[in-house]
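Here's the structure we're looking at; comments come further down.
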Amino acid sequence: MRIGELAERAGTTARTLRYYESRGLLPARRAVNGYRTYDESDLRLLRQIRTLQDFGFDLEETRPFVECLRAGHPAGDVCPASLAVYRRKITELDALIDQLRSVRTQVGAQLAQAEATQTETMRAAAPPPRCELTAPVQQEPAHEGELK
């Protein structure tokens with residue numbers, strides 16, 4: 001298939017494919033007429049790259065997976081270099097999760113403090129609530145001759 005068809009099937013652009021080619025991630029095969037040609041294995045490479053990027057892997061981190069696919073491993077992630085990248089990514093994600101938990105704790109504390117301050121400010125600034133049952137009842141003036 002040609003570059004446009006591969007780009008469409010992979011959900012990307014021809015420009016992206018040329019970039020991957022320049023980085024050595026996609027093979028640069030050319031037909032006799034000079035057009036780039038690709039096959040289903042190239043589509044599998046692109047899908048692996050896209051999946052890993054969706055997971056947060058940068059382009060260079062996808063290289064071991066691409067090389068594993070090229071070596072004939074259908075999954076692309078069973079080679080030692082791919083496993084090492086997975087391990088590094090897990091460590092990186094664990095650190096990010098710890099950092100987010102810490103930030104969440106700090107934001108939660110700030111929220112609690114702000115809500116307490118708001119409540120105190122509203123109590124001090126607002127008039128006390130008026131209860132309908134204890135409010136003075138307006139009596140109509142008595143007319144002459146009526147008992148008071």
Side-chain angles (χ1 to χ4, degrees), residues 1-140:
M1 72 187 94
R2 293 192 5 206
I3 194 166
E5 182 183 350
L6 179 62
E8 184 178 328
R9 288 183 64 191
T12 191
T13 65
R15 182 179 182 190
T16 299
L17 299 182
R18 286 189 289 273
Y19 177 70
Y20 290 172
E21 182 183 307
S22 74
R23 300 294 308 260
L25 293 169
L26 194 60
R29 292 185 302 269
R30 301 232 181 217
V32 291
N33 60 7
Y35 290 132
R36 290 173 171 88
T37 61
Y38 303 96
D39 59 25
E40 293 298 319
S41 67
D42 299 318
L43 181 59
R44 191 173 50 239
L45 286 173
L46 289 172
R47 287 184 175 151
Q48 180 79 41
I49 292 169
R50 296 290 302 259
T51 298
L52 291 167
Q53 287 187 312
D54 288 347
F55 291 160
F57 289 71
D58 66 37
L59 191 57
E60 195 54 38
E61 287 174 317
T62 69
R63 186 174 300 282
F65 298 89
V66 169
E67 290 170 358
C68 192
L69 282 169
R70 283 186 186 152
H73 301 282
D77 61 359
V78 297
C79 297
S82 301
L83 296 172
V85 171
Y86 273 153
R87 287 184 194 100
R88 281 194 307 269
K89 185 56 77 175
I90 291 291
T91 300
E92 178 185 315
L93 290 170
D94 286 343
L96 287 171
I97 290 168
D98 290 344
Q99 181 182 8
L100 286 172
R101 281 190 180 123
S102 174
V103 168
R104 189 197 184 291
T105 298
Q106 292 171 14
V107 170
Q110 287 296 116
L111 173 62
Q113 182 180 357
E115 286 175 335
T117 301
Q118 179 192 35
T119 301
E120 290 173 18
T121 302
M122 290 181 74
R123 277 191 204 137
R130 185 174 153 187
C131 180
E132 295 296 323
L133 297 176
T134 59
V137 177
Q138 298 258 346
Q139 292 184 349
E140 300 209 11

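What you see is a predicted model; the values in this text were computed from it and never measured.
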- line: With sequence neighbours left out, the residues meeting side chain to side chain contact (heavy atoms under 4.5 Å, CB included) with A31 are N33, T37
- request: With rounding to the nearest 0.5 Å, note down the distance linking CG in L17 to CD1 in I3.
  value: 5.0 Å
field: L59 to T62 - nearest heavy-atom pair and separation
entry: O-OG1, 2.5 Å
message: Counting C-beta onward and ignoring hydrogens, is there a side-chain heavy-atom pair between D42 and D39 closer than 4.5 Å?
response: yes
Pairs meeting criterion ring pair (Phe, Tyr, Trp, His ring centres under 6.0 Å) with involvement of residues 68-119, two or more places apart: F65-Y86
task: Would you please name every residue forming a side-chain hydrogen bond (donor to acceptor under 3.5 Å, both in side chains) with Q53, sequence neighbours left out?
output: Y20
- prompt: Can you list every disulfide (SG to SG under 2.5 Å) pair that touches residues 16-76, not counting sequence neighbours?
  reply: C68-C79
- request: Ignoring hydrogens and angles, tell me if any N or O in the side chain of E61 forms a donor-acceptor pair with the backbone of D58 under 3.5 Å.
  value: yes
Tabulate below the donor-acceptor pairs under 3.5 Å that side-chain atoms of residues 90-102 make, not counting sequence neighbours, or state none.
from : atom 1 : to  : atom 2 : distance (Å)
T91  : OG1    : R87 : O      : 3.1
E92  : OE2    : K89 : NZ     : 3.2

Closest non-hydrogen atom pair, L83 against V78: CD1-O, 3.9 Å
- line: Sequence neighbours excluded, the answer for side chain to side chain contact (heavy atoms under 4.5 Å, CB included) partners of A75 is D77
task: Applying side-chain hydrogen bond (donor to acceptor under 3.5 Å, both in side chains), name anything that partners R9, two or more places apart in sequence or on another chain.
output: E40
task: Could you tell me which residues satisfy side-chain hydrogen bond (donor to acceptor under 3.5 Å, both in side chains) with T51, sequence neighbours excluded, listed by chain and number?
output: none
statement: Sequence neighbours excluded, the answer for side chain to side chain contact (heavy atoms under 4.5 Å, CB included) partners of R15 is T13, R18
Atom of Y38, atom of R2 and distance for their closest heavy-atom approach: CD1-C, 4.1 Å
message: If you count heavy atoms of other groups shown closer than 6.0 angstrom to CZ of R104, is the number above 12?
response: no
Atom of R50, atom of T12 and distance for their closest heavy-atom approach: NH1-CB, 3.2 Å
field: Student check: side-chain heavy atoms of L45 and R70 closer than 4.5 Å
entry: yes
With E21 via salt bridge (Lys or Arg N to Asp or Glu O under 4.0 Å) - residues at least two apart: R36
task: Kindly compute the distance separating CG (D54) from CZ (R47), expressed to the nearest 0.5 Å.
output: 13.0 Å
query: Under the side-chain hydrogen bond (donor to acceptor under 3.5 Å, both in side chains) test, which residues partner R23, sequence neighbours left out?
result: Y19, E60
field: Qualifying ring pair (Phe, Tyr, Trp, His ring centres under 6.0 Å) pairs with a residue from residues 89-117, counting only residues at least two apart or across chains
entry: none
